[in-house]
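A short worksheet on the structure shown next.
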Amino acid sequence: MNLKTWLGEEIGAVIRARWGQELSVPVAYPPRPEMGDYASSVGFLLARTLRRSPQEISAAVAEDLRTREGIREATPAGGFVNIVLDEAWLFARFREAAARGFPPLPSKDLRVLLEFVSANPTGPLNVVSARAAAVGDTWKRMLRFAGVQADAEYYVNDAGGQIRALQASLEYFAGLREAFPEDGYRGAYVEALARRLVAEDVPREAWARTVVDWILEEQMAVLRDYRVDYDSVVRESWVRRSEYPAKVREKLAPYLYEQDGAVVFRSTAFPQFGDDKDRVVIRKNGEPTYFFWDLAYHLYKAERGYDRLVDLLGPDHQGYVPRMKAGLEALGVGGDRLEVLIVQQVNLFREGKRVRMSKRKGEFYEMKTLLEEVGVDAARFFMLLRAPSTPLDFDLTLARKLSQDNPVYYVQYTHARTVNLLRYGEERELAPDPEGLFRLDLPEERALALACLRLYETVEDAARTGEVHRLAQYLLDLSRTFHAYYQKVRIVTEDEALSRARLALVDGIRKAVARGLELAGVAAPESM
RNA sequence: GCCCCCGUAGCUCAACGGGACAGAGCAGCGGAUUUCUAAUCCGCAGGUUGGGGGUUCGAGUCCCUCCGGGGGCGCCA
């Protein structure tokens, strides 16, 4: 259960009962934990609407809240109300959640399609793809945990200009072409692919198509190793053959005009999306632009019944967003149904020095290399440490270090430690006793039970906006709290009842951490 | 020139629809090991949130402006 949501509803009920108004207010954390478990600024927020002073409102809300089940204390403080949950009630919620392994929230009537990575099938995946994959996949897992029906999709640009360039590059490396093609693909891997095509006697006209399949297979294999599962893969070549291009032309017609022999979409007819110029959809040579095919693809997504269409794009696509939204608005899909998260770049560091890459020479650090160098667990967790919209410095040296400053081990160690404690208890025939949780009276123990339950609000809040770093930060916080408790208190002692109660707490922590790690796509080791 | 992201402790970053005295980690200094794994913990120190103005009961967060860093501005994808 999401305590924050629940408290918001409780406050809403109080407002309804007292003033007969249907209002919802946000619930947050007070600045210092000793002030309470949760806080709300109801007084300030409703002062205008209710025409009462903030103090009066918060005092009244606090008074009514105190009578509700689960709330031990509600204290007005200016326009704020600070709330302390009832300890026995809290342990009961903890016990329920733990008994079921911190299960996902009930399902909601909301469908979301996440599209991420969708790298060109012209080469191996790089580290930006690794970041997008970690963010996209964890976002999907978090949405599902929050009860949202979320799917992940991979789009393959297996048609168009870059495929022609790939074909030409392969021909060049096979010695069938004198000059290296303009916008061609370099790198050892292209040469290797050309050799393989020749060795396997693939007919020249099928080279690009065949290589796309090989590369796609390789990309998907790396993503699988990375624990990323796609629910669907859509090919641009399929979209081109589908009914969607015709539908786009038809629906877009009122917003199209001709200029210099090209067909242009009046993107500026939708100033709310901020595009600064109109966009060509059909070139004067009659060939549609990438934008046109992409609209067809997104129309297809929308017609499959998703409420929200989310694209994770690289920073180089930032200027592309306004026209897509305007286009979808014109198609009747609604520009706001598309949400774009720009996943910023990744800077690699090794031994404190920047790892340089030259795309021009076809040299870059592959995602596969990253997995070999630091492993899946560290790679994924590090990618989740920062807000996706900010650039990420990835310290390769730290990621493979087996020490306390490596955040991934810090969290994994929490899990290993809980498992070890339970095993130690078992050896002494001490099984966890959830019924005994109520006898735990240390502030740390109450705080730990609450921290575990906060998994729900953390994930639900983070899943709304794709702020996956909150999950990582949460796991680090919970781990800190747990390690400190472990250091301070002996779990298994002569006191059998107390030991069994503490083991029940430890068992719940184990399950909460395991769930959090699962959402991050990171393994929860039993020993380290 | 226009648009987007960013600027918070020496370093890397948090701060959840604007909330209370801006928090962590690392680095620095000082401590804790007869242990249920020290891959851990405790303490100290560290800030004019890039500058200025505005809106608000309240601004790191919103608006304007300036400075600095990164990215984008194709009938490429």
Side-chain angles (χ1 to χ4, degrees), chain A residues 4 25-32 35 39-41 43-45 47-48 53-54 77-80 82 120 122 157 159-163 165 183 236 259-264 274-277 279-285 287-291 293-294 314-322 342 344-345 347 349 385-387 389-393 395 398 401-407 409-410 412-414 416-417 420-425 427-428 457-458 460-462 464-465 467 469-470 472-473 476-477 479-480 482-493 499 502-503 506 527-528:
Chain A
K4 224 193 226 184
V25 289
V27 175
Y29 304 128
R32 283 174 308 286
M35 296 168 79
S40 174
S41 51
F44 290 121
L45 294 169
R48 203 174 299 254
S53 77
F80 299 97
N82 292 319
N120 278 333
T122 52
N157 297 119
Q162 82 277 19
I163 297 301
D183 301 322
E236 184 180 346
Q259 189 175 59
D260 305 329
V263 180
V264 184
D275 203 3
D276 52 351
K277 57 188 278 197
R279 304 292 173 173
V280 172
V281 286
I282 314 287
R283 299 181 181 96
K284 68 177 170 212
N285 67 9
E287 204 184 320
T289 59
Y290 178 81
F291 174 48
W293 299 121
D294 215 19
D316 51 332
H317 283 71
Q318 167 261 119
Y320 185 67
V321 180
I342 300 288
Q344 289 290 336
Q345 60 187 343
N347 303 313
F349 289 84
L385 281 171
R386 307 281 173 253
S389 57
T390 63
L392 170 77
D393 288 343
D395 186 339
L398 176 62
K401 220 160 124 188
L402 300 177
S403 82
Q404 55 181 314
D405 23 295
N406 186 336
Y409 288 112
Y410 188 81
Q412 288 184 313
Y413 187 49
T414 302
R417 192 168 242 181
N420 191 61
L421 283 167
L422 291 160
R423 190 161 36 217
Y424 184 85
E427 283 164 14
R428 276 151 192 75
E457 63 209 36
T458 303
E460 207 167 15
D461 284 347
R464 240 191 318 273
T465 47
E467 290 170 333
H469 64 292
R470 288 212 219 158
Q473 299 296 337
L476 287 166
D477 273 351
S479 295
R480 227 186 319 278
F482 172 69
H483 289 313
Y485 173 65
Y486 172 89
Q487 203 70 30
K488 180 178 171 179
V489 166
R490 174 126 190 139
I491 309 295
V492 178
T493 61
S499 299
R502 285 184 171 162
L503 284 170
V506 168
S527 68
M528 289 174 77

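Chain A is the first sequence line, chain B the second, and so forth, proteins listed ahead of strands; every chain is numbered from 1.
Taking only distance into account, the side chain of A:Asn82 meets the base of B:A20 through a donor-acceptor pair shorter than 3.5 Å. For A:Lys488 and B:C42, a side-chain-to-base donor-acceptor distance below 3.5 Å is absent, hydrogens and geometry of angles not being considered.
In terms of position on RNA chain B, the residue among A:Tyr424 and A:Lys284 whose nearest nucleotide sits closer to the 5' end is A:Tyr424. Ranked by how close their nearest RNA chain B nucleotide is to the 5' end, A:Val489 and A:Gln473 are led by A:Gln473.
Taking atom C1' on both nucleotides, B:C26 is separated from B:U33 by 23 Å, rounded to a whole Å. On the C1' atoms, B:G1 is 44 Å away from B:A20, given to the nearest whole Å. Distance noted for atom P between B:A59 and B:G10: 24 Å (whole Å). Taking atom C1' on both B:G7 and B:G47, the two are 15 Å apart, rounded to the nearest angstrom. Comparing the same atom, C1', in B:G25 and in B:C42 gives a spacing of 16 Å after rounding to whole Å. Taking atom C1' in both B:G28 and B:A9, the straight-line distance is 13 Å, to the nearest Å. Atom C1' of B:C75 sits at a distance of 33 Å from the matching atom of B:G69, rounded to the whole Å. Comparing B:C44 with B:A24, their P atoms are spaced 11 Å from each other, to the whole Å.
Note on A:Ala262: a base of the nucleic acid sits closer than 4.0 angstrom, heavy atoms only. Base contact: A:Val25 has a heavy atom under 4.0 Å from a base atom. Heavy atoms of A:Gln345 sit under 4.0 angstrom from primed sugar atoms or phosphate atoms, though from no base atom. Heavy atoms of A:Ala387 sit under 4.0 angstrom from primed sugar atoms or phosphate atoms, though from no base atom. Contacts of A:Asp260 with the nucleic acid, taken as non-hydrogen atoms under 4.0 Å apart, include base atoms. Heavy atoms of A:Thr465 sit nowhere under 4.0 angstrom from any nucleic acid atom. Across all strands, A:Pro31 comes closer than 4.0 Å to base atoms (heavy-atom distances). Looking at heavy-atom distances under 4.0 Å, A:Tyr486 makes contact with a base.
A 3.5 Å limit on both hydrogen-bonding distances identifies no Watson-Crick or G-U partner for B:U48. Across every strand in view, B:G19 sits in a pair with B:C57 that passes the Watson-Crick or G-U test at under 3.5 angstrom. Here B:C73 sits opposite B:G1 as a Watson-Crick or G-U wobble pair (both hydrogen-bonding atom distances under 3.5 Å). Pairing for B:U34 is absent, with no Watson-Crick or G-U wobble pair whose two atom distances lie under 3.5 Å. B:G25: Watson-Crick or G-U partner is B:C11, with both key distances under 3.5 Å.
Here the nucleotide nearest the side chain of A:Arg48, chosen from B:A20, B:A77, B:C57, is B:C57. Nearest nucleotide to the side chain of A:Met528, out of B:A20, B:A15, B:A39: B:A39. Listed nucleotides B:C41, B:C16, B:G19 differ in distance to A:Ala28; the shortest reach to its side chain belongs to B:C16. Comparing B:C57, B:C16, B:A39 against the side chain of A:Tyr409 picks out B:A39 as the nearest. Here the side chain of A:Pro30 is nearest to one of B:G25, B:G17, B:A20, namely B:A20. Closest approach to the A:Arg490 side chain among B:A77, B:C36, B:C16 is made by B:C36 (side chain taken as heavy atoms from C-beta onward). Checking B:C16, B:A77, B:A20 against every side-chain atom of A:Arg283, the shortest atom distance belongs to B:A77. Across B:G19, B:C42, B:C36, the shortest atom-to-atom separation from the side chain of A:Val492 is found for B:C36. Checking B:C41, B:C16, B:C75 against every side-chain atom of A:Tyr410, the shortest atom distance belongs to B:C41.
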Original post:
Reading nucleotides 4-12 of chain B 5' to 3', which nucleotides get B (base under 4.0 Å from a protein heavy atom), which S (sugar-phosphate only), which -?
Top reply: BSS-----S
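For A:Glu287 (side chain) and A:Ile282 (main-chain N/O), no donor-acceptor pair under 3.5 Å exists by modelled atom type. At least one donor-acceptor pair closer than 3.5 Å links the side chain of A:Ser40 to the backbone N or O of A:Pro26.
Between A:Phe44 and B:C57, a base-stacking contact is recorded: ring centres under 5.5 Å apart, planes less than 30° from parallel. Ring-to-base geometry places A:Phe80 in a stacked arrangement with B:A20 (centre distance under 5.5 Å, plane angle under 30°).
Partners of A:Asp316 under the side-chain contact (heavy atoms from CB on, under 4.5 Å) rule, at least two apart in sequence or in another chain, do not exist in this structure. The side-chain contact (heavy atoms from CB on, under 4.5 Å) test applied to A:Glu467 returns A:Thr465, A:His469, A:Arg470, not counting sequence neighbours.
Ring planes of A:Tyr320 and A:His317: perpendicular class, angle over 60° (limits at 30 and 60°). Under the 30°/60° scheme for interplanar angles, the aromatic rings of A:Phe80 and A:Phe44 are found to stand perpendicular.
Closest approach of A:Met528 to A:Tyr409, counting heavy atoms only: CE-CD2, 3.3 Å.
Atoms OG and OH, from A:Ser527 and A:Tyr413 in turn, are 11.0 Å apart once rounded to the nearest 0.5 Å. Rounded to the nearest 0.5 angstrom, A:Asp395 CG and A:Leu385 CG are separated by 11.0 Å. The CD atom of A:Glu460 lies 6.5 Å from the CZ atom of A:Arg464; values are rounded to the nearest 0.5 Å.
Contact annotation: A:Arg470 side-chain N/O to B:C16 OP1/OP2 distance is not under 4.0 Å. Close to B:A15, at under 4.0 Å from its OP1 or OP2, lies a side-chain N or O of A:His469.
Atom CZ of A:Arg428 is surrounded by more than 12 heavy atoms from other residues, nucleotides or ligands within 6.0 Å.
A straight line from OH of A:Tyr320 to C1' of B:C75 spans 14 Å, rounded to a whole angstrom.
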